[in-house]
Amino acid sequence: MKIATWNVNSLRVRLPQVLDWIAAEQPDILALQETKLEDKNFPVAEIEAAGYQAIYSGQKTYNGVAILSRTAAQDIVTDIPGLDDHQRRIIEATYGDIRVLNVYVPNGEAVGSDKYAYKLGWLEKLTAYVKEQLAAHPRLVLLGDFNIAPEPRDVHDPQLWENSVLCSGPERAAFRQLTGLGLCDTFRLFNQEESQFTWWDYRMAAFRRNMGLRIDHILASQELCGATTSCQIDKTPRKLERPSDHTLVIAVFGST
DNA sequence: ATGGTGGCGCGGCCA
């Protein structure tokens, strides 16, 4: 089972890149964030012509998540129970015997801002929900744009970013709360290097200078953790003309 | 350098 995540920063703009990528890589599942599309405008025909099915929860201008898949989605959820949130940030479904939860965690803007408080509250609700989901679904993948660089080695300049949004203590503590439920960071099962990033600011030629952060993640439940055969960052789409500011993470899970 | 770039949508917000 090959599962990938990609914050596309507008599916309307990035659709040709998405179609090219799935044709080349043939994933079983591709989780998308920041589709920025209302559901009535989702490019269903193009996705189906490529041999994929789609589920989606979108809104105009901001946010929006989707999952493309080879097989049909079952038991679809688009809201965290008990969280009254009009922002479209989660979509979850079962594919075969794997539960997939795709998240677009709030950015948080700046430490101490209203959006930062919203982010921490949102993560608390997510964590409680993931705990429930893990109990019900031992084979769970939680993936997406977490907007958190878990450790200093996930940041191009840890001192510059220290205590900034995406790197602050409370955000990293929230990430540890999630992994503490029994989820592994699949990328770190295989790669312990510094300077392995998934997002680079559009400004200041950040990609060319590799000034990035690792904020997109694929977390797996203990049962799947042992079945993970690879997890890699695919930087090729970030090199294209008119790229998203994020690139893909791809994990492969074998049978257990 | 308190900027810079990109998406949405056409002014200002968000990342």
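Any value given below was found using the heavy atoms of this structure, including those in side chains, with hydrogens, waters and symmetry copies removed. Chain letters run A, B, ... following the sequence lines, proteins first, then strands; residues in each count from 1.
- Qualifying side chain to side chain donor-acceptor pair (under 3.5 Å) partners for A:Glu241, counting only residues two or more places apart in sequence or in other chains: none.
- Taking atom C1' in both B:dA1 and B:dG11, one finds a spacing of 25 Å when rounded to whole Å.
- Applying the side chain to side chain donor-acceptor pair (under 3.5 Å) rule to A:Tyr104 yields the partners A:Glu34; only residues at least two apart in sequence or on another chain are considered.
- To the nearest angstrom, C1' of B:dG3 lies 13 Å from CE of A:Met211.
- Put simply, the side chain of A:Arg238 gets close to the backbone of A:Ser244: a donor and an acceptor are under 3.5 Å apart.
- Comparing B:dT5 with B:dG9, their P atoms sit 22 Å apart, to the nearest whole Å.
- Residues in residues 71-80 of chain A take part in these side chain to side chain donor-acceptor pair (under 3.5 Å) pairs, two or more places apart or across chains: A:Asp79-A:Arg88.
- Comparing B:dG12 with B:dT2, their P atoms sit 22 Å apart, to the nearest whole Å.
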Please report, to 0.1 Å, the donor-acceptor pairs under 3.5 Å made by any side chain of residues 204-213 of chain A, with sequence neighbours excluded.
unit_1, atom_1, unit_2, atom_2, d
A:Arg209, NH1, A:Met204, O, 2.7
A:Asn210, OD1, A:Trp200, NE1, 3.0

Requested in this report: Starting at the 5' end of nucleotides 5-15 of chain B, put B wherever the base has a protein heavy atom under 4.0 Å, S where only the sugar-phosphate does, and a dash everywhere else.
Outcome: BSSSS---BSB
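- Residues A:Trp6, A:Val8, A:Leu11, A:Leu15, A:Val18, A:Leu19, A:Trp21, A:Ile22, A:Leu30, A:Leu32, A:Phe42, A:Val44, A:Ile47, A:Tyr52, A:Tyr56, A:Leu68, A:Leu248, A:Ile250 make up the rest of the hydrophobic cluster containing A:Leu37, defined by ILVMFWY side-chain heavy atoms closer than 4.5 Å, directly or through other members.
- As rounded to the nearest Å, B:dC13 and B:dG3 have P atoms that lie 15 Å from one another.
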